[in-house]
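All values reported here derive from a predicted model rather than from experimental measurement.
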Amino acid sequence: MPFLNSSAIARAEFNAHTGTMQLWFRGGTHAYNFYNVPESIYRGLLQASSAGSYYDQYIKGRYN
């Protein structure tokens with residue numbers, strides 16, 4: 001489970017078999033699930049210079 005160097009997102013997990021991504025936001029108490037996420041989106045999040053900006057641009061509101 002990768003921990004992110006981000007002020008917005010603490011960690012991320014991805015299940016390649018189901019396409020489910022879980023994100024833990026800083027200050028939060030539980031994971032948020034995102035469904036049918038392409039693995040490329042997950043990898044992009046891990047490699048982004050700003051995970052919060054990447055989330056806003058590529059994930060938020062798209063994989064509920």
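Atom NZ of Lys60 sits about 6.0 Å away from atom OH of Tyr55, to the nearest 0.5 Å. Taken to the nearest 0.5 Å, the OG atom of Ser40 stands 10.5 Å off from the OH atom of Tyr58. A distance of 5.0 Å separates CD1 in Ile9 from CG in Leu45, rounded to the nearest 0.5 Å. In this structure, Ser50 OG and Gln57 CD are separated by 10.0 Å, a value rounded to the nearest 0.5 Å. Here Met21 contributes atom CE and Ile41 contributes atom CD1; the two are 8.0 Å apart, rounded to the nearest 0.5 Å.
Sorted by first then second residue, the salt bridge (charged side-chain N to carboxylate O under 4.0 Å, His left out) pairs that include residues 18-46, not counting sequence neighbours, are Glu39-Arg43.
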Item to complete: Evaluate side chain to side chain contact (heavy atoms under 4.5 Å, CB included) for His30 paired with Trp24, printing each intermediate quantity in order.
Response: CA-CA 6 Å; His30 66 280; Trp24 283 260; 5.8 Å; no
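Across all non-hydrogen atoms, the minimal contact from Pro2 to Tyr42 is CG-OH, 3.3 Å. Closest approach of Gly52 to Ser6, counting heavy atoms only: N-OG, 4.1 Å. Residues Thr20 and Tyr35 share a closest heavy-atom pair of OG1-CD2, 3.7 Å.
With contacts defined as side-chain heavy-atom distances shorter than 4.5 Å, the pair Asn33/Leu23 does not qualify. Counting heavy atoms from C-beta on, the side chains of Val37 and Phe14 come closer than 4.5 Å. Leu4 places a side-chain heavy atom less than 4.5 Å from the side chain of Leu46.
Aromatic rings of Phe34 and Tyr63 (six-membered ring for Trp) have centroids beyond the 6.0 Å cut-off, not under it.
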